[in-house]
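Quick note: numbers below take in every heavy atom, side chains included, and nothing from hydrogens, waters or symmetry partners. So that the names make sense, note that chain A is the first sequence line, chain B the second, and so on, each numbered from 1.
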Amino acid sequence: MNTTGPRAVRIDVRRLLRDTLAPLRPNLVTRPTGRAVRDAIERCLKGAAGAPFVSLIDLARVPVLDFSCADEVVARLLVKYQTPDRPLDAFFLFRAAGDTHRHTVDAVLGRHDLAAVCDLGDGCCHLLGTASEDEGVAWRTLERRRRIAPGGLAPVLGDRGDAVLARLAERRLVFRGPNGTSLALSAVASHRAHT
Amino acid sequence: MRVIEIPRSLDYRNIESLYDQLDSATAGPVLFDARRLRWIDPNGMLCLLAAGQMAAKAGSAPRISLPNQPEVTGYLDRMGFSEAARRVFEFGTGSRWRRRPGPSDVLLEVTPVTRNSDVHEVVERVQARAGAILSNTLKYPASAVVQFSVILSEVCQNIIEHAEGPGWVAAQAYNWKQRLGRQVAVIAVADIGRGFRASLEDEHAARFGERWGDVAALEAAFLLGLTRFPDTGRGQGIQQIRKQVARWDGLLSIRSGTARIADTPGWSSKPPIEEGLRAFPGAQINIILPERIG
């Protein structure tokens, strides 16, 4: 991995719940719980302020994730960090518990016209939510190759390749370095994650 | 004293017979006569609690007489109805109703929902018990317990976020051998808050113009996913519950104000819309999930 890439920070939401919010409440249900968890996640992220970083939000050990809570923890977190005045230069990758969480996360992202990279525990990452066909192709190609230099997507998407990668970077679904090289968020997280 | 007759059987199909007997204009003592009661489902139980609460709100002092059959009172004890009823009705001396006994085969006892912590407790309780019923009785996949928990969480939050009043939830599995030839799980949620029309009125009444009323409000929430909150991301609960219940070939209905709206599967004869019903101030949600076949 190129050392100029972003750092990665892993946040175990189950542990966050246990240690700071609700020791006896293992599930992510209700909006107030979701808001509290989002606030706690943001407090953790403040420690990583400075250079860009990928935050791996690990929901995999949470048994039940309802739509209201997912809207607060996943969708509203992404909305906040997609705006130009985002508080930190954070990218997000979610780890969820297979199909039981997949449907919920996909639904809340779709409602906001958002997309997110999600590790569903099946050995590969998925792009959940709303994405165009070109965005899907570009993202999957990058996910396989882990990094793509400028012009590297031309065999797949022709002249549109760089623009589509730029759009994915704008949506914070890939990391784009100063030299224009695109990095898959999963590649960053798997090499650099620490809690 | 006014006497309200509780029919021999009270479930989601005939709860209107109870509401029809309520007269909010008349104060004074009211007796809910349940002596003849032989069968009641979670919808009937919550309907009875809501009716008692409505009578109390109207200035009456609701009393309830017990079912004659000891197995009926025993079942109501196990379902937690007796305990919930103590907070609504006055009981006569020598009451045979007991406090809820220990663990039982009940899917979810009648549980008051007033705070978010109640929702957490409902989800935790159901997670511990629902697995066997959903997989062995209803033949749902193992993962269904999570989706079932999510449904309960969202319907309970509906009480807290939209009703602005207290409510209850209850669920139980039954063998509908004669009615459907299958086992079912019945989930009931009821509140006597302000109902869908009042909840949505400020934000959405104008766009419906003269059509605005209980039916339009239910359609707005049920079909369009509208809520009183202007921000994106709200209103997903009911929409997602509809999708999941449909995947399980279930029935979902919401009764509020003078109307009821429903997603009706092929096995149900319920109409998708009913209007002109007796005014009910809050909301009552009924979900019936049938055993999977094939």
Side-chain angles (χ1 to χ4, degrees), chain A residues 14 17-18 21-38 59-80 82-83 96-114 116 120-122 129-130, chain B residues 113-131 134-135 140-162 169 224-248:
Chain A
R14 178 73 185 261
L17 268 170
R18 191 190 62 204
L21 293 166
L24 302 175
R25 300 284 186 228
N27 298 306
L28 282 181
V29 295
T30 79
R31 274 191 188 276
T33 301
R35 280 194 284 268
V37 168
R38 193 180 70 230
L59 304 164
R61 295 198 303 137
V62 173
V64 179
L65 172 66
D66 77 9
F67 295 98
S68 305
C69 207
D71 186 59
E72 295 287 344
V73 175
V74 177
R76 286 168 199 262
L77 187 69
L78 292 177
V79 165
K80 183 169 179 180
Q82 288 210 334
T83 58
D99 282 343
T100 56
H101 287 170
R102 177 191 189 133
H103 171 65
T104 307
V105 172
D106 201 35
V108 299
L109 290 170
R111 184 93 174 184
H112 289 266
D113 248 352
L114 291 167
L120 297 171
D122 56 356
T130 309
Chain B
V113 178
T114 53
R115 299 175 304 240
N116 280 292
S117 58
D118 296 331
V119 181
H120 279 272
E121 274 165 32
V122 163
V123 169
E124 285 156 29
R125 208 182 296 172
V126 158
Q127 262 190 291
R129 298 179 187 176
L134 292 174
S135 55
Y140 290 3
S143 61
V145 68
V146 174
Q147 286 133 354
F148 187 79
S149 303
V150 169
I151 287 176
L152 276 169
S153 171
E154 296 292 347
V155 288
C156 290
Q157 284 178 76
N158 194 69
I159 295 173
I160 296 164
E161 294 228 342
H162 304 282
V169 59
L224 307 176
L226 300 181
T227 80
R228 67 191 163 105
F229 301 103
D231 45 335
T232 310
R234 295 289 192 145
Q236 295 182 75
I238 290 175
Q239 299 305 304
Q240 297 301 335
I241 291 168
R242 287 183 65 203
K243 285 181 189 167
Q244 187 57 56
V245 170
R247 279 186 211 113
W248 286 334

Worksheet item: Does A:Arg61 CZ have over 12 foreign heavy atoms under 6.0 Å away?
Response: yes
Fill in: Any donor-acceptor N/O pair, B:Glu154 side chain to A:Ser68 backbone, under 3.5 Å
yes
Discussion item. Checking the side chain of A:Arg25 only, and the main-chain atoms of B:Glu124 only, is there a donor and an acceptor separated by less than 3.5 Å?
Written reply: no
Discussion item. What part of A:Ala107 gets within 4.5 angstrom of chain B, counting heavy atoms only: side chain, backbone, both, or neither?
Written reply: both
Practice prompt. Mind checking the CZ-CG spacing from B:Arg234 to A:Asp71? Nearest 0.5 Å is all I need.
Written response: 8.0 Å
Fill in: Separation of B:Gln244 CD from A:Phe67 CZ (nearest 0.5 Å)
7.5 Å
Fill in: Name of the residue among B:Val150, B:Val119, B:Val123 meeting side chain to side chain contact (heavy atoms under 4.5 Å, CB included) with A:Asp66
B:Val150
Fill in: Minimum heavy-atom distance B:Gln239-A:Arg111, with the two atoms named
CG-NH1, 4.4 Å
Fill in: B:His120 versus A:Thr30, closest heavy-atom pair with distance
NE2-OG1, 3.8 Å
Is there a side-chain contact between [X] and [Y] in this structure, where contact means two heavy atoms from C-beta onward sitting under 4.5 Å apart?
X        : Y        : answer
B:Val146 : A:His101 : no
B:Asn116 : A:Thr33  : no
B:Gln240 : A:His103 : yes

Discussion item. What I want to find out is whether A:Arg76 reaches B:Asp231 closely enough, with some N-O distance under 4.0 Å, to be called a salt bridge.
Written reply: yes
Fill in: Closest-packed option against chain A by number of heavy-atom pairs under 4.5 Å, given B:Ser149, B:Ala144, B:Gly235
B:Gly235
Worksheet item: What part of B:Gln236 is in contact with chain A, defined as an atom under 4.5 angstrom from a non-hydrogen atom: side chain, backbone, both or neither?
Response: both
